[in-house]
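Hydrogens, waters and symmetry mates play no part in the numbers below; they use all other heavy atoms, side chains included.
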Amino acid sequence: MTQGKFSTRSIWAGEKDQLAFGATQVPVVHSVSFGYEDMDEWYEVATGKKKGHIYGRNTNPTVEAFEDKIKNLEGGEAATSFSTGMAAISNTLSTFLSPGDRIVSIKDTYGGTNKIFTEFLPKMNVDVELCETANHEVLEAEVEKGCKILYLETPTNPTVKITDIERMAKVGKANGAIVIVDNTFATPVNQNPLDLGVDLVIHSATKFLGGHADALGGALVGSRELVEQVYHYREINGATLDPMSAYLLLRGMKTLKLRIDQQNKNAHDIAEYLKTFDIVEDVFYPGLEEHVNYDIAKKQMHGFGGMLSFSVKGGVETVRELIPALQFANKAANLGAVETIVGPSRTTSHVECTPEERAAMGIPEGLIRYSAGIEDIEDLKADLKQAFEKVEQKVSPKS
């Protein structure tokens, strides 16, 4: 395993074994199949007795380099990858859940994850219990009733609520549950769930890991025993990460620490700045001392992340005017890129949900998700100021 500080490992981990022809960068290996003249060697590779590759749906050198890098950064025994973040989530859950099983989670998960909990798992006769995110006592009580999986997302998307990972990992392990944490928002720069007792860590690599909004991907890191089970499910069901995306993710991860450090700072400064505007009702960011879970976040996170959200007076009407007025922000259903990205949850994280479902999860229709980029902070502040000034001229906020 590559040694060194995080920034060093983000550059070097997983790459040396995949270099060829004197190249200093991992090549993009597009070959679907890998040939062998020796039948015995072919058999040993095919059956996993010898290291190598057989078929692109199973493994690939470029993809393997990505897996090795995220494994190193999260400190796990093994890692596997997927075509998207949702593939990582759905394949992992499908690997371990059978009809009659029970899963305990929180209400404030990403909209796609929530749909798996509320729409797809019940069809498989899986019992799903969704608890209030900040109520650790209720979570503990539900886990103690018995469950196959305890699934957490912290910080949550989009209201950035925090769950005490170490506390919940202990109760999960004590009751025989597989404890899974979606670490997409935090990244391994800001949070290391495996060190806090979690079994498996999931990432939508599309977001902060890649960081440039040009490649889809997902990752799972954890114990070798559990990861190999999920890999087997994925290799048969086919949600494979393609080599070009793996290359782009590898390239992006080399600057992960640099980007996250800047995004942490920008997000915190923007969160504080938003509080100065009368039209802003609430600001949600775990780095704010008034955040309901600030103490937990401070205990388990090394940085508070590049994501925040805020609600505005006037609801959807204000949102319609404010977002188009921003100049230094992509208006898009993505997050974690070098550019600032904004959008309402009703068209991004929870577009699959009805207004009633969003309300039940504590997501107001006037909520705006703000993914801080790496731009100069003074430019981002000036952009928000001019946008709010335009809105105030058009919209009369409702108290």
Side-chain angles (χ1 to χ4, degrees), residues 66-67 70 74 76 78-98 101-124 126 128-131 133 147-158 161 163 165 168 172 177-188 191 193-194 198-210 215-223 226-241 245 249 307 333-336 348-353 361:
F66 165 73
E67 293 170 344
I70 187 59
E74 281 288 9
T80 191
S81 59
F82 309 83
S83 53
T84 66
M86 282 309 303
I89 294 168
S90 60
N91 277 243
T92 300
L93 295 178
S94 295
T95 297
F96 298 115
L97 292 172
S98 300
D101 284 340
R102 184 168 184 264
I103 180 172
V104 174
S105 188
I106 56 178
K107 292 182 179 179
D108 293 275
T109 54
Y110 166 64
T113 308
N114 182 266
K115 278 298 178 184
I116 291 178
F117 291 153
T118 60
E119 184 175 337
F120 297 113
L121 289 182
K123 291 180 181 179
M124 296 171 51
V126 172
V128 180
E129 184 65 40
L130 301 182
C131 306
T133 303
C147 61
K148 185 68 175 291
I149 289 176
L150 170 60
Y151 186 97
L152 305 173
E153 178 183 303
T154 180
T156 60
N157 183 359
K161 293 179 182 177
T163 302
I165 297 174
M168 297 315 305
I178 299 170
V179 184
I180 304 171
V181 168
D182 184 333
N183 202 34
T184 298
F185 267 27
T187 81
Q191 184 170 269
L194 295 177
V198 165
D199 295 301
L200 295 169
V201 174
I202 282 178
H203 283 278
S204 173
T206 311
K207 311 304 191 298
F208 287 103
L209 292 185
L216 292 168
L220 179 75
V221 186
S223 71
L226 294 177
V227 170
E228 285 182 349
Q229 292 180 59
V230 181
Y231 161 74
H232 178 60
Y233 184 94
R234 194 272 292 159
E235 70 166 334
I236 299 303
N237 285 274
T240 307
L241 179 65
S245 291
L249 295 172
M307 293 299 305
N334 192 26
L335 59 93
T348 57
S349 63
H350 288 72
V351 65
E352 301 93 347
C353 303
M361 288 182 274

What's the shortest heavy-atom distance between [X] and [Y], and which atoms?
{"X": "T84", "Y": "A87", "result": "OG1-N, 2.9 Å"}
{"X": "F117", "Y": "S105", "result": "CE1-OG, 3.3 Å"}
{"X": "L194", "Y": "D199", "result": "CD2-O, 3.7 Å"}
{"X": "N183", "Y": "E74", "result": "ND2-OE2, 2.9 Å"}
{"X": "I116", "Y": "P122", "result": "O-CD, 4.0 Å"}
{"X": "V227", "Y": "A79", "result": "CG1-C, 3.7 Å"}

Does a side-chain heavy-atom distance below 4.5 Å link [X] with [Y]?
{"X": "V179", "Y": "L200", "value": "no"}
{"X": "L93", "Y": "Y233", "value": "no"}
{"X": "E153", "Y": "V181", "value": "no"}
{"X": "M86", "Y": "Y110", "value": "yes"}
{"X": "M168", "Y": "V198", "value": "no"}
{"X": "L150", "Y": "I180", "value": "no"}
{"X": "P188", "Y": "H203", "value": "yes"}

Give, for atom [atom1] of [X] and atom [atom2] of [Y], the distance between the pair rounded to the nearest 0.5 Å.
{"X": "T187", "Y": "I70", "atom1": "OG1", "atom2": "CD1", "answer": "8.5 Å"}
{"X": "T80", "Y": "L226", "atom1": "OG1", "atom2": "CG", "answer": "13.0 Å"}
{"X": "T240", "Y": "F82", "atom1": "OG1", "atom2": "CZ", "answer": "10.0 Å"}
{"X": "L220", "Y": "Y231", "atom1": "CG", "atom2": "OH", "answer": "13.5 Å"}
{"X": "T95", "Y": "I236", "atom1": "OG1", "atom2": "CD1", "answer": "11.5 Å"}

Evaluation steps, side chain to side chain contact (heavy atoms under 4.5 Å, CB included), between I165 and Q191: CA-CA 10 Å; I165 297 174; Q191 184 170 269; 3.6 Å; yes
side-chain contact (heavy atoms from CB on, under 4.5 Å) partner of T156, the single match among T113, I106, T163: I106
From the list V128, I103, V104, side-chain contact (heavy atoms from CB on, under 4.5 Å) partner of C147 resolves to V104
Does S90 have any side chain to side chain donor-acceptor pair (under 3.5 Å) partners at least two apart in sequence or in another chain, and if so, which? none
Ignoring hydrogens and angles, tell me if any N or O in the side chain of [X] forms a donor-acceptor pair with the backbone of [Y] under 3.5 Å.
{"X": "E129", "Y": "R102", "result": "no"}
{"X": "S81", "Y": "E67", "result": "no"}
{"X": "N91", "Y": "A88", "result": "no"}
{"X": "K148", "Y": "I178", "result": "no"}

Please test N157 against T109 for side chain to side chain contact (heavy atoms under 4.5 Å, CB included), starting from the C-alpha separation and ending with a verdict. CA-CA 6 Å; N157 183 359; T109 54; over 6 Å; no
Pairing donors with acceptors under 3.5 angstrom, does anything connect the side chains of D108 and T133? yes
Under 3.5 Å, is there a donor-acceptor pair between the Q229 and H232 side chains? no
Taken in chain and number order and not counting sequence neighbours, the residues that satisfy side-chain contact (heavy atoms from CB on, under 4.5 Å) with T118 are N114, K115, L130
Should T184 and S204 be marked as a side chain to side chain contact (heavy atoms under 4.5 Å, CB included) after you check the CA-CA gap, both sets of side-chain angles, and the distance that decides it? CA-CA 6 Å; T184 298; S204 173; 3.8 Å; yes
Please step through side chain to side chain contact (heavy atoms under 4.5 Å, CB included) for the pair Y151 and D182, ending with a clear verdict. CA-CA 8 Å; Y151 186 97; D182 184 333; 3.7 Å; yes
